[in-house]
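These notes are about the structure you will find just below.
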Amino acid sequence: MPELPEVEVVRRGLARWVAGRTVAAVEVLHPRAVRRHTGGGADFAARLAGRTIGAPQRRGKYLWLPLDDRDLSVLAHLGMSGQLLVQPAGAPDEKHLRIRVRFADSAGTELRFVDQRTFGGLSLHPTVPGSAEGLPDVIAHIARDPLDPGFDEMLYHAALRAKRTTLKRALLDQSLISGIGNIYADEALWRAKLHYERPTTTLAGPRSRELLGHVRDVMNAALAVGGTSFDSLYVNVNGESGYFDRSLDAYGREDEPCRRCGTPMRRRPWMNRSSYFCPRCQRPPRVSS
DNA sequence: CTTCGATCCTGGTAGC
DNA sequence: TGCTACCAGGATCGAA
């Protein structure tokens, strides 16, 4: 499941292998992969052809490629299973190949969007006026992520505490703080010894800063390891958690001993997914919702 | 306005 | 063995 660290690794791969190249032709093989593009697949392909790709950018789990005149950007979201691969033009199509981008140069590689579950996709959007990075207008509401130098920490802490919700819901709220998904939310909460259902209103400033620190730490740790699975013809993305899955302390560890206290970890159904936590280190709030 | 839950999708696997 | 049911989950949209 690509969250911020995985998407950042992909961004770096695109920066190296795709930036500066001019698009020759685009092939949309599955309409769902361009469903966020209002004009449909043919329009997406026509508008992208002939354009030159600028420096890839990222905010949270969103990735985008500004185009030459900065009027439009290609927005990409990997969803749950999306991959952006740089492959030799002659390589056999992947089973779930959804979009192919051919280039007008002699490098011999093409960009492929492969996505089994089709939660992800590509689309073209006007950029926010004055945005140097070519921020697509449709993601202007997405908060900056905790690794962004422009992340406003004071604003975040105040907004978090003003929410009438629970900690994990808030961590997953991309308009409050972006880039966190189910895996890193559970990891950060475990590190902070906080229960996922604790009301945000009860989190005092110091604890909130501590939690944010753990979010950053776990993401940086994952990023450091994720970078190693990169090679030249494969813009990373193993869709999985990369090498970091061996370092997870909470996610997926039901019945395994807590790495701090040895108590068996628990899994609880939560919002049509799961929450993993240590019942001893992460005590539930007194008044549970 | 804010919060909450259902829904989209497909492949792997557990269970019968 | 072959089938069904369930699980993974980010973002969106409509309901409360």
Side-chain angles (χ1 to χ4, degrees), chain A residues 1-8 10-11 28-38 58-64 75-84 93-99 113-123 125 136-146 158-189 196-202 215 219 222 237-242 244-245 248 250-255 266-277 287-289:
Chain A
M1 279 54 78
E3 298 180 28
L4 186 153
E6 291 75 29
V7 178
E8 174 59 16
V10 173
R11 190 198 66 77
V28 176
L29 300 156
H30 196 303
R32 218 179 117 76
V34 290
R35 68 190 180 287
R36 294 190 66 160
H37 184 83
T38 43
R58 182 189 55 72
R59 177 175 289 192
K61 303 170 202 170
Y62 285 93
L63 187 63
W64 70 90
L75 180 63
H77 196 291
L78 302 177
M80 291 183 60
S81 54
Q83 295 174 291
L84 279 167
D93 288 0
E94 289 76 7
K95 184 175 180 186
H96 301 292
L97 177 62
R98 310 303 190 192
I99 299 170
F113 180 69
V114 177
D115 190 7
Q116 178 208 118
R117 285 178 241 185
T118 67
F119 273 57
L122 305 184
S123 47
H125 303 278
D137 59 4
V138 293
I139 60 163
H141 67 289
I142 298 294
R144 288 181 186 270
D145 61 66
L160 177 81
R161 227 178 150 178
K163 289 267 179 196
R164 282 198 301 259
T165 185
T166 51
L167 277 186
K168 187 165 170 180
R169 290 191 84 108
L171 288 178
L172 295 179
D173 182 346
Q174 306 296 302
S175 65
L176 182 65
I177 181 170
S178 69
I180 305 172
N182 202 42
I183 297 172
Y184 293 110
D186 280 2
E187 292 301 309
L189 288 167
Y196 59 98
E197 283 192 316
R198 176 159 169 171
T200 44
T201 49
T202 69
V215 168
M219 284 184 166
V237 199
N238 11 12
E240 332 285 322
S241 328
F244 193 69
D245 55 354
L248 295 177
Y251 185 82
R253 300 196 67 241
E254 182 179 21
D255 296 333
R266 290 200 182 140
R267 179 178 75 91
R268 287 284 175 274
W270 183 85
M271 298 279 296
N272 284 330
R273 38 179 74 68
S274 295
S275 274
Y276 296 87
F277 67 107
V287 186
S288 181
S289 65

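Keep in mind that the numbers below use all heavy atoms, side chains included, and drop hydrogens, waters and symmetry copies. Within every chain, numbering begins at 1; the chains are lettered A, B, ... in the order of the sequence lines, protein sequences first and strands thereafter.
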Length of the CZ-P vector between A:Arg32 and C:dT12, whole Å: 12 Å
Whole angstrom value for the distance that separates C1' of C:dG10 from CD of A:Glu6: 14 Å
Touch class at under 4.0 angstrom, heavy-atom based, for A:Arg35 against every strand present: nothing
Nucleotide of C:dT12, C:dG9, B:dG11 approaching A:His141 most closely (side-chain heavy atoms): C:dT12
Axis bend over the full length of the helix from B:dT2-C:dA16 to B:dC16-C:dG2, computed from five pairs that close each end, to 10 degrees: 50°
Side-chain N,O (A:Arg36) to OP1/OP2 (C:dT12) below 4.0 Å: yes
Whichever of A:Ile180 and A:Arg117 has its nearest DNA chain C nucleotide further upstream toward 5': A:Arg117
Presence of A:Arg169 side-chain N/O under 4.0 Å of B:dG5 phosphate oxygens OP1/OP2: yes
side-chain N/O A:Lys95 vs B:dT10 OP1/OP2, d < 4.0 Å: no
Integer-rounded Å distance: B:dC8 P and A:His30 NE2: 14 Å
Distance-only criterion, 3.5 Å: show the donor-acceptor pairs between side-chain atoms of residues 269-277 of chain A and protein atoms not counting sequence neighbours.
| from | atom 1 | to | atom 2 | distance (Å) |
| --- | --- | --- | --- | --- |
| A:Arg273 | NH1 | A:Met271 | O | 2.8 |
| A:Ser274 | OG | A:Arg267 | NH1 | 2.8 |
| A:Ser275 | OG | A:Lys168 | NZ | 2.7 |

Phosphate OP1/OP2 of B:dC9: any A:Ser81 side-chain N/O under 4.0 Å: no
A:Glu187 side chain vs A:Leu248 backbone, donor-acceptor pair below 3.5 Å: no
Polar pair under 3.5 Å, donor/acceptor by atom type, side chain A:Arg273, base C:dG10: yes
Test item: A:Thr166 side-chain N/O and A:Arg198 main-chain N/O as donor-acceptor pair under 3.5 Å: no
Spacing of A:Asn182 atom CG relative to C:dC7 atom P, expressed in whole Å: 14 Å
Any A:Gln174 side-chain N or O less than 4.0 Å from OP1/OP2 of C:dA11: yes
A:Met80 side-chain proximity, nearest of C:dG9, C:dT12, B:dG5: C:dG9
Protein-nucleotide distance (A:Leu78, atom CG; B:dC9, atom C1'), rounded to Å: 16 Å
Selection from C:dA8, B:dC9, B:dT10 that lies nearest to any side-chain heavy atom of A:His96: B:dT10
From CD (A:Gln174) to CG (A:Leu176), nearest 0.5 Å: 9.5 Å
Short side-chain N/O contact from A:Lys163 to OP1 or OP2 of B:dT3, under 4.0 Å: yes
Nearest-0.5 Å distance that lies between atom CG in A:Leu78 and atom NZ in A:Lys61: 11.0 Å
A:Asp115 CG - B:dT10 P separation (whole Å): 10 Å
Among B:dC9, C:dG10, C:dT12, the nucleotide that comes nearest once only the side chain of A:Lys61 is considered: C:dG10
Distance in angstrom units between A:Arg267 CZ and B:dA14 P, rounded: 13 Å
A:Asp115: salt bridge (Lys or Arg N to Asp or Glu O under 4.0 Å) partners, not counting sequence neighbours: none
Basic-acidic side-chain contact under 4.0 Å: A:Arg266, A:Asp255: no
Sidechain-backbone polar pair: A:Gln83 side chain, A:Ser81 backbone, donor-acceptor under 3.5 Å: no
Upstream residue (5' side of DNA chain B) when A:Asn272 and A:Thr165 are each assigned their closest nucleotide: A:Thr165
Atom pair distance, as rounded to whole Å: CG in A:Leu176 and P in B:dC4: 14 Å
Under 4.0 angstrom between A:His77 side-chain N/O and C:dA11 OP1 or OP2: yes
